[in-house]
Amino acid sequence: MGLLDDLKKEVRNIRAREIQMNAELDAQQAFYLKHMRPVMMRGYDYFAELVENLNIVAPDIKAMYPLNPLLEHGVALKQAQYNFRSDNKDCPREIDIYCKCTLEKPHEFYLNSQKSVLAHTELLDGYNFPYHCKNRLDRHYEVRGATFVLEGPMIAHIRIAATPADRLIHIIFRNIERQPIKRYKFAPEYISDAFLERLAKVLVREVPQLIEQQVDDSFRHELRKRLDEDNRQNKKIRAPVDAAREAEMTAERDANPVLRTKSIVVGKLREALKVREKR
């Protein structure tokens, strides 16, 4: 009967885990319907209409990418051909906006070291940017440089994903900001109409990034106060050490006739200079 009892116990544990899992899934679905679905529906309606209008108007949009390390401001790509997708029209959990970034013509450049060739190959692969690379080898058949020919096109992609498991809206950029992949997480209440407008401006390159990196005056003032306080504390800590070091140096000087004589001479010179300055 021991084996059967063990099996029954395991069955009870499995069923208890299933009940707990189903309860969590029900709670996630309830959270999605109440807090996330309204946000995702606003995003669905906004970007579906935005993409439709972008394809009709076809604005001339240039996006700069660091595809050639020899160019300070990067390589300009023309952005167009927008596409909108979603997993569900009535209860969307994923919204995807795509566009195509193209070169006017193939772009060629040469890198003259193995290290730069490997680093740039990794970067282009991260962007998933189509290119050709012709290595130049030395007499030991080691890479000494390479000619890159950028061809494209490259796909830029924004995904808006509702994840009830962590109660957050995930924004994933692929080739939108300067790095190949960038991820953000926001509470549903943070996704306002103004936020969707900001996200659209990032897409059409009117603003460079979704979150502005700003340090306001109050934070800067608080940081300065902390630095000043740290400096005061450091001075208090250093004071006994400095005093002990000074006393040790004085004792060593007094014990050495040469140093003692030198110290006396320096002291007299300083006094003479002070008298001369007063005159």
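What you see is a predicted model; the values in this text were computed from it and never measured.
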Task: Contacts of Asp193 that satisfy salt bridge (charged side-chain N to carboxylate O under 4.0 Å, His left out) - sequence neighbours left out - done: Arg42

- [ ] Can you sort out the partners of Thr147 under side-chain hydrogen bond (donor to acceptor under 3.5 Å, both in side chains), two or more places apart, ordered by chain and number?
- [x] none

Identify each donor-acceptor pair in which a side-chain atom of residues 43-53 lies under 3.5 Å from a protein atom, sequence neighbours left out, and give them as a table.
unit_1 : atom_1 : unit_2 : atom_2 : d
Tyr46  : OH     : Glu197 : OE1    : 2.8
Asn53  : ND2    : Glu49  : O      : 2.7

Open item on the list: I need the Asp90 CG to Met40 CE distance, nearest 0.5 Å.
Closed with: 13.0 Å

Open item on the list: Does the structure place the NZ or CZ of Arg167 under 6.0 Å from the centre of the six-membered ring of Phe31, at an angle of no more than 45° from the ring's axis?
Closed with: yes

TODO: State which residues pass ring pair (Phe, Tyr, Trp, His ring centres under 6.0 Å) with His132; sequence neighbours excluded, sorted by chain then number.
DONE: none

- [ ] Please identify each residue that fulfils ring pair (Phe, Tyr, Trp, His ring centres under 6.0 Å) with Tyr98, with sequence neighbours left out.
- [x] His157

Open item on the list: Test of understanding: with salt bridge (charged side-chain N to carboxylate O under 4.0 Å, His left out), list the residues that count as partners of Arg144, not counting sequence neighbours.
Closed with: none

Open item on the list: Tell me every residue that passes ring pair (Phe, Tyr, Trp, His ring centres under 6.0 Å) with His120, counting only those two or more places apart in sequence or in another chain.
Closed with: Phe109, Phe148

Task: salt_bridge(Asp60, Lys62) N-O dist < 4.0 Å - done: yes

- [ ] Go through the steps to decide whether Tyr141 and Asn135 satisfy the test side-chain hydrogen bond (donor to acceptor under 3.5 Å, both in side chains), and finish with yes or no.
- [x] CA-CA 10 Å; Tyr141 299 98; Asn135 290 330; over 6 Å; no

- [ ] Mind checking ring pair (Phe, Tyr, Trp, His ring centres under 6.0 Å) for Tyr32 and listing every partner two or more places apart, or none if nothing turns up?
- [x] none

Task: Qualifying residues under side-chain hydrogen bond (donor to acceptor under 3.5 Å, both in side chains), relative to Thr121, sequence neighbours excluded - done: none

Open item on the list: Through direct or indirect side-chain contacts below 4.5 angstrom among Ile, Leu, Val, Met, Phe, Trp and Tyr, which residues connect to Leu25?
Closed with: Met21

Open item on the list: Could you work out, with salt bridge (charged side-chain N to carboxylate O under 4.0 Å, His left out) as the rule, every residue matching Arg17, not counting sequence neighbours?
Closed with: Glu10

Task: Verdict with reasoning, Asp87 to Arg93, per salt bridge (Lys or Arg N to Asp or Glu O under 4.0 Å) - done: CA-CA 7 Å; Asp87 62 336; Arg93 293 188 180 226; 5.9 Å; no

- [ ] Mind checking the CD1-CZ spacing from Ile160 to Phe186? Nearest 0.5 Å is all I need.
- [x] 10.5 Å

Open item on the list: Taking OH in Tyr184 as the centre, count heavy atoms belonging to other residues, nucleotides or ligands within less than 6.0 Å. Is the count above 12?
Closed with: yes

Task: With Asn128 via side-chain hydrogen bond (donor to acceptor under 3.5 Å, both in side chains) - residues at least two apart - done: none

Open item on the list: Please report the interatomic distance CG(Leu124) to CE(Met154), rounded to the nearest 0.5 Å.
Closed with: 10.0 Å

TODO: Go through the steps to decide whether Gln28 and Glu24 satisfy the test side-chain hydrogen bond (donor to acceptor under 3.5 Å, both in side chains), and finish with yes or no.
DONE: CA-CA 6 Å; Gln28 291 178 17; Glu24 176 59 25; 3.1 Å; yes

Open item on the list: Under a 4.0 Å threshold between the charged nitrogen and the carboxylate oxygen, would Lys78 count as salt-bridged to Glu104?
Closed with: no

